[in-house]
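Here's the structure, in structure tokens; my notes come after.
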Amino acid sequence: MLDFKFVRGNPKIVQDALAKRGSQISLDSFLQLEEQRRDKLFVVEQMKSRRNIVSEEIGRLKKSGKEAKDMVLEMRELSNQIKERDEEIRSLEEQLQSILLDIPNIPHETVPVGSGESDNPTVRMWGRPRNFDFEPKSHWDIGEALDILDFERGGKVTGTRFSFYKGLGAHLERSVFNFMLDLHTTEHGYVEIFPPFMVNRDSMVGTGQLPKFAEDMFKIEGMEYYLIPTAEVPVTNLYRNEILDGENLPIYHCAYSACFRAEAGAAGRDTRGLIRQHQFNKVELVNFCRPDQSYAELEKLTGNAERVLQLLGLPYRVVILCTGDLSFSSAKTYDIEVWLPSSQGYREISSCSNFEDFQARRAGIRFRNQKGKVELVHTLNGSGLAVGRTVAAILENYQEADGTITIPEVLQPYMGTDRISLNQK
RNA sequence: GGAGAGAUGGCCGAGUUGGUCGAAGGCGCUCGACUCGAAAUCGAGUAAACCGUGAUGAGCGGUUUCUAGGGUUCGAAUCCCUAUCUCUCCGCCA
């Protein structure tokens with residue numbers, strides 16, 4: 001959410017910035033409603049001030065045994081008027097709030113202007129795709145051939161976009177996220193969180209999933225609980241409506257969670273394999289910091305996510321999302337894309353964003369600065385990494401001509417083996 | 001799921017015959033005194049949001065907030081209703 005006063009004072013800047021994203025938003029009605037609100041608020045506050053004064057006077061009179069009938073009658077009338085006006089103001093505020101909640105964040109000045117994915121510049125590349133002396137198979141073919149992934153039964157037991165991992169496949173999945181958590185907690189200084197996988201509505205609004213993107217979420221029937229689409233939601237909301245001590249910033253949290261996404265707009269895309277499931281595992285990195293730190297922290301956080309791929313020996317590239325591809329809440333985002341041999345292309349495996357104060361304002365996450373003043377924190381997060389996609393990348397990049405999978409060295413202690421082959425326990 | 005108790009400021013904790021209560025007291029924190037310095041002691045200060053004024057600063061004036069939302073009343077932390085959460089006992093369960 002953008003700042004009320006900033007939007008009010010700088011409608012032109014806001015509109016121009018949003019146009020770069022491809023959002024045509026008119027602020028006229030917002031500005032009108034806001035002016036009405038302030039006028040009414042001013043009047044009603046004066047009325048309340050009078051009511052307070054007179055009510056006090058009535059109390060004093062009654063105490064000294066005198067009557068105050070006229071005053072009581074006058075105040076009864078005044079109170080009714082106040083009630084009406086409060087109601088009007090409340091309605092105006094609701095309208096303003098709902099407009100503001102639907103306005104995306106303003107892109108940072110370093111974000112390149114562009115209209116979509118094809119305009120995202122590559123920032124850097126790491127590793128070199130391997131040359132196969134055989135035709136590399138897709139991870140779903142590998143997984144089924146080795147009997148470690150079962151998509152068909154996933155469909156039977158639950159439905160499309162659900163799957164089973166089996167044997168060393170299941171073991172590989174948990175090895176991967178344990179490795180990630182260990183790396184981030186021991187080498188990168190993150191404090192691990194194990195969050196609830198369901199959150200209430202306020203939390204979803206706090207990080208920006210609601211109200212705008214309700215159709216992407218799974219909601220529990222009959223309750224205001226939602227399955228989390230990412231650990232970002234519970235972990236960022238950990239400090240919702242709190243004032244943190246500025247001395248403790250930045251706060252670094254990492255969290256494993258299952259993630260649930262309805263994938264409403266993705267019909268027909270990535271229907272095979274682990275790339276786009278309704279339920280997947282992810283290790284998330286979350287950072288709360290002072291405004292002056294956040295862009296340096298974004299670089300650091302992105303580097304922490306990259307480190308996972310480097311240690312796994314998986315080639316990747318980092319792109320910066322242009323204004324047209326930037327997500328709703330983000331001011332600046334780097335995507336990390338891993339090399340997938342079966343599609344001869346790079347595929348998103350992490351998205352690292354600085355939200356500046358956009359989420360903090362929605363969620364009321366603040367800190368006390370050195371002068372003792374309260375300020376909004378900046379929030380950042382990034383995948384560190386998406387586990388299913390990492391497994392897919394390992395299967396594809398480390399497949400051998402004989403159909404087995406070599407386990408990357410850093411995972412061997414977790415796996416207890418250096419290879420996955422058919423019928424291996 | 002059944003029965004009961006409770007939710008007050010950064011924390012603990014008064015306040016429940018409605019009135020001057022943003023709220024006693026303690027702790028914590030900040031500043032000052034004492035001290036070579038520290039501890040102890042003493043003194044002062046110590047919530048947030050919004051509106052107006054002002055430079056979107058300081059200050060000043062106002063409004064709101066005692067879990068949240070409604071209600072009663074001239075006036076509610078105090079009375080009523082609802083929700084949420086916490087605790088105790090019983091039941092159930094991993």
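Proteins get letters first, then strands, A, B, ... in listed order; numbering begins at 1 in each. Any value given below was found using the heavy atoms of this structure, including those in side chains, with hydrogens, waters and symmetry copies removed. Since this is a predicted model, take the numbers as computed values, not measurements.
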Set of residues satisfying ring-ring contact (aromatic ring centres under 6.0 Å, His included) with respect to [X], sequence neighbours excluded:
| X | value |
| --- | --- |
| F164(A) | none |
| F6(A) | none |
| Y239(A) | H253(A), F288(A) |
| Y316(A) | W126(A) |

Would E74(A) and R50(A) count as a salt bridge (charged side-chain N to carboxylate O under 4.0 Å, His left out) if you check the C-alpha gap in whole Å, the side-chain angles of each, and the deciding distance to 0.1 Å? CA-CA 11 Å; E74(A) 188 201 336; R50(A) 171 154 173 78; 2.5 Å; yes
Centres of the F177(A) and Y256(A) rings: under 6.0 Å? yes
Watson-Crick/G-U partner (both atom distances under 3.5 Å) of [N]:
| N | answer |
| --- | --- |
| U20(B) | none |
| G4(B) | C87(B) |
| G57(B) | none |
| A44(B) | U30(B) |
| G25(B) | C12(B) |
| U63(B) | A49(B) |
| U72(B) | none |

Give me the distance, rounded to whole Å, that separates [N] from [M] when you measure between the [atom1] atoms they each carry.
| N | M | atom1 | value |
| --- | --- | --- | --- |
| U30(B) | U82(B) | C1' | 43 Å |
| G9(B) | A3(B) | C1' | 33 Å |
| A23(B) | U35(B) | C1' | 37 Å |
| U17(B) | G2(B) | P | 32 Å |
| U41(B) | C27(B) | P | 9 Å |

Criterion salt bridge (charged side-chain N to carboxylate O under 4.0 Å, His left out) on E34(A) and R37(A), from CA distance to verdict: CA-CA 5 Å; E34(A) 166 60 11; R37(A) 175 188 145 263; 2.8 Å; yes
Would you tabulate the nitrogen or oxygen pairs shorter than 3.5 Å linking the protein to nucleotides 18-20 of chain B?
from	atom 1	to	atom 2	distance (Å)
G19(B)	N2	S55(A)	O	2.9
U20(B)	O4	K63(A)	NZ	2.8

Run R85(A) and E88(A) through salt bridge (charged side-chain N to carboxylate O under 4.0 Å, His left out) and show every step you take. CA-CA 5 Å; R85(A) 279 161 207 263; E88(A) 288 169 19; 5.9 Å; no
Rounding to an integer number of Å, can you tell me how far [X] [atom1] sits from [N] [atom2]?
| X | N | atom1 | atom2 | result |
| --- | --- | --- | --- | --- |
| N200(A) | A68(B) | CG | C1' | 13 Å |
| M71(A) | U73(B) | CE | C1' | 17 Å |
| N369(A) | U30(B) | CG | C1' | 14 Å |
| E93(A) | A49(B) | CD | C1' | 11 Å |
| N241(A) | C85(B) | CG | P | 17 Å |
| E247(A) | C29(B) | CD | C1' | 12 Å |
| R201(A) | U84(B) | CZ | P | 17 Å |
| E35(A) | C51(B) | CD | P | 14 Å |

OP1 or OP2 of C51(B) under 4.0 Å from side-chain N/O of R8(A): yes
Measuring to OP1 and OP2 of A48(B), would you say a side-chain N or O of R368(A) lies under 4.0 angstrom away? yes
Hey, could you give me the [atom1]/[atom2] distance between [X] and [Y], rounded to the nearest 0.5 Å?
| X | Y | atom1 | atom2 | answer |
| --- | --- | --- | --- | --- |
| L395(A) | L149(A) | CG | CG | 6.5 Å |
| C322(A) | R21(A) | SG | CZ | 10.5 Å |
| S91(A) | L33(A) | OG | CG | 8.5 Å |

Have S327(A) and S330(A) got a donor and an acceptor in their side chains that come within less than 3.5 Å? no
Of Y225(A) and L41(A), whose nearest nucleotide on RNA chain B comes first from the 5' end? L41(A)
5' to 3', nucleotides 61-67 of chain B under a 4.0 Å protein heavy-atom cut-off (B base, S sugar-phosphate only, - none) gives -BSS---
Sequence-aligned protein contact record of nucleotides 54-60 of chain B, with B where the base is within under 4.0 Å of a protein heavy atom and S where only the sugar-phosphate is: ----S--
Please work out which residues in residues 79-90 of chain A have a non-hydrogen atom less than 4.0 Å from an atom of RNA chain B and list them by number. S79(A), K83(A)
Decide yes or no on salt bridge (charged side-chain N to carboxylate O under 4.0 Å, His left out) for K12(A) and D16(A), but give the supporting numbers first. CA-CA 6 Å; K12(A) 189 93 177 67; D16(A) 289 351; 3.4 Å; yes
Please tabulate, one pair per line, all N/O donor-acceptor pairs under 3.5 Å involving side-chain atoms of residues 355-362 of chain A, not counting sequence neighbours.
from	atom 1	to	atom 2	distance (Å)
E356(A)	OE2	Y295(A)	OH	2.5
D357(A)	OD1	R361(A)	NH1	3.4
D357(A)	OD2	R361(A)	NH2	3.0
Q359(A)	OE1	T379(A)	OG1	2.8
Q359(A)	NE2	T207(A)	O	3.1
Q359(A)	NE2	E232(A)	OE2	2.9
R361(A)	NH1	M1(A)	O	2.6
R362(A)	NH1	V205(A)	O	2.8
R362(A)	NH1	L210(A)	O	3.1
R362(A)	NH2	L101(A)	O	2.5

With sequence neighbours excluded, give me every side-chain hydrogen bond (donor to acceptor under 3.5 Å, both in side chains) pair touching residues 179-197 of chain A. D182(A)-Y414(A), H184(A)-H188(A), Y190(A)-N304(A)
I'd like a list of close polar pairs between nucleotides 80-83 of chain B and the protein, N/O only, cut-off under 3.5 Å.
none

What heavy-atom pair brings E297(A) and P250(A) nearest, and what distance separates the two atoms? OE2-CG, 3.6 Å
Test of understanding: with salt bridge (Lys or Arg N to Asp or Glu O under 4.0 Å), list the residues that count as partners of E242(A), not counting sequence neighbours. none
Measure from the side-chain heavy atoms of R366(A) and tell me the nearest of C50(B), A48(B), C74(B). A48(B)
Worked verdict on F328(A) versus F213(A) for ring-ring contact (aromatic ring centres under 6.0 Å, His included): CA-CA 10 Å; F328(A) 181 77; F213(A) 304 105; 5.3 Å; yes
